[in-house]
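Below is one structure, written out as structure tokens; comments come after it.
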Amino acid sequence: MSGTNRRDDETRGIEAPGPLDRALDRDRNDRADILESGAERTTAHGTSGTRQVGEAVAGHAGGDVRIPVAEERLSVGKREVDLGEVDVRKTVTEEEQTIPVTLRREEARVREVSVDERPLREDDDAFNEGTIRMQLRGEEAVVSKDAVVTGEVVIDKETVTEERQVGGTVRKQHIDVDQAYQQVRGDFERTHATTGGATSRTFAQAEPHYRSGFTAAHDERYANREFEDIEPDLRREYETRSATHTGGTATSGGDNWEQLRHEVREGWNRARNR
């Protein structure tokens with residue numbers, strides 16, 4: 001069959017492909033296969049991503065949207081470490097001391113005394129020249145040194161405490177409350193259509209109070225606190241705003257806190273997923 005094709009090409013004036021042409025054709029075919037495989041993977045990945053997004057949207061339509069809020073907190077521990085050493089050096093110094101002492105000694109005194117005349121005796125050594133020696137004695141100072149203990153240096157360790165401020169950098173995640181509210185705004189509107197008709201208030205009139213409670217639930221000042229604990233603060237803020245808008249009157253459009261409390265609390269509970 002290949003021989004027949006070659007003859008047909010020669011008949012039409014087309015030169016049969018050589019080894020180089022065949023190698024180039026194989027290379028082009030390989031690259032085409034790679035591109036097709038990549039397109040399939042891209043399509044599969046895009047389809048998977050679309051499916052995940054769809055699932056997220058479907059999950060949002062069927063229930064509450066919960067957004068985790070994370071933050072880092074510092075914790076301080078203690079461990080024993082070497083803080084250094086204390087060197088106590090001993091040195092030897094010299095000083096001159098003077099101590100008074102009383103010494104005795106003998107001194108020779110030569111004197112001539114008068115006596116009654118008498119005859120010279122044989123044992124009298126007279127008329128002989130010579131030297132007469134007399135031994136003189138006395139005391140001299142003898143210096144000695146004794147080592148004595150005059151005191152002690154006591155080295156001990158004492159444990160003391162001190163207060164220090166240990167700081168560090170922590171990360172804290174913040175939620176865009178406005179964006180979070182917009183995600184659940186439809187739920188508030190549907191809830192109000194069901195339960196708010198009894199008060200003859202439109203959703204536009206009630207929405208600021210839903211939003212006020214929703215925002216307060218995300219306020220860091222009220223973290224880990226219940227609605228009953230922070231209700232006095234919310235009421236003061238509401239009455240202050242109302243007095244500002246009405247020129248001193250503590251109401252706004254005939255509304256008062258007792259009438260609006262359930263709307264504020266509904267916003268609080270929805271933010272706390274209750």
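Count residues from 1 along the sequence. Being a predicted model, the structure only gives us computed values, none of them experimental.
- In summary, E162 and R164 engage in a salt bridge, as defined by a charged side-chain N under 4.0 Å from a carboxylate O.
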Problem set entry | side-chain contact (heavy atoms from CB on, under 4.5 Å) assessment of Y210 paired with W268 | CA-CA 8 Å; Y210 290 133; W268 171 279; over 6 Å; no
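- A donor-acceptor contact shorter than 3.5 Å links the side chain of R272 to the backbone of A217.
- Scanning both residues, F214 and A271, for their nearest heavy atoms gives CD1-CB, 3.5 Å.
- Judged purely by atom type and a 3.5 angstrom limit, E263 has no side-chain atom pairing as donor or acceptor with the backbone of H209.
- At least one donor-acceptor pair under 3.5 Å links the side chain of E139 to the backbone N or O of R104.
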For this session: Determine, stepwise, if the pair Q135 / E106 fulfils side-chain contact (heavy atoms from CB on, under 4.5 Å).
Result: CA-CA 9 Å; Q135 185 68 39; E106 296 177 342; over 6 Å; no
Problem set entry | Stepwise salt bridge (charged side-chain N to carboxylate O under 4.0 Å, His left out) test for R261 and E266 | CA-CA 9 Å; R261 180 179 181 275; E266 178 66 23; over 6 Å; no
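- The minimum heavy-atom distance between L103 and A141, with the atom names listed, is CD1-N, 3.6 Å.
- No donor-acceptor pair under 3.5 Å is formed between the side chain of S212 and the backbone N or O of P208.
- Contact check for R190 versus R185: no side-chain heavy atoms found under the 4.5 Å cut-off.
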Problem set entry | K90 vs V153, side-chain contact (heavy atoms from CB on, under 4.5 Å): CA-CA, chis, key distance, verdict | CA-CA 11 Å; K90 296 191 301 181; V153 176; over 6 Å; no
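- The CD atom of E189 sits 10.0 Å away from the OG1 atom of T191 when rounded to the nearest 0.5 Å.
- With rounding to the nearest 0.5 angstrom, the CG atom of L120 is 12.5 Å from the CD atom of E117.
- Of the possible polar contacts, none joining the E237 side chain to the L234 backbone as a donor-acceptor pair under 3.5 Å is found.
- Atom CG of N128 has more than 12 neighbouring heavy atoms from other residues, nucleotides or ligands inside a 6.0 Å radius.
- A salt bridge does not link E231 with R236: every distance from a Lys NZ or Arg NE/NH1/NH2 to an Asp or Glu carboxylate oxygen is 4.0 Å or more.
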For this session: I would like to know whether E107 and L136 meet side-chain contact (heavy atoms from CB on, under 4.5 Å); could you show each step before the answer?
Result: CA-CA 6 Å; E107 293 183 352; L136 299 177; 5.6 Å; no
Problem set entry | Evaluation steps, ring pair (Phe, Tyr, Trp, His ring centres under 6.0 Å), between H192 and F188 | CA-CA 6 Å; H192 184 78; F188 283 116; over 10 Å; no
For this session: Start with the C-alpha gap between E140 and R105, add the side-chain angles, then the distance that decides, and say whether salt bridge (charged side-chain N to carboxylate O under 4.0 Å, His left out) holds.
Result: CA-CA 8 Å; E140 65 177 9; R105 66 178 183 179; over 6 Å; no
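- A distance of 12.0 Å separates OG1 of T240 from CZ of R235, quoted to the nearest 0.5 Å.
- Using a distance-only test at 3.5 Å, with no hydrogens or angles considered, a donor-acceptor pair links the side chain of D219 to the main chain of R221.
- When only modelled atom types and interatomic distance are considered, Y181 and E207 share a side-chain donor-acceptor pair under 3.5 Å.
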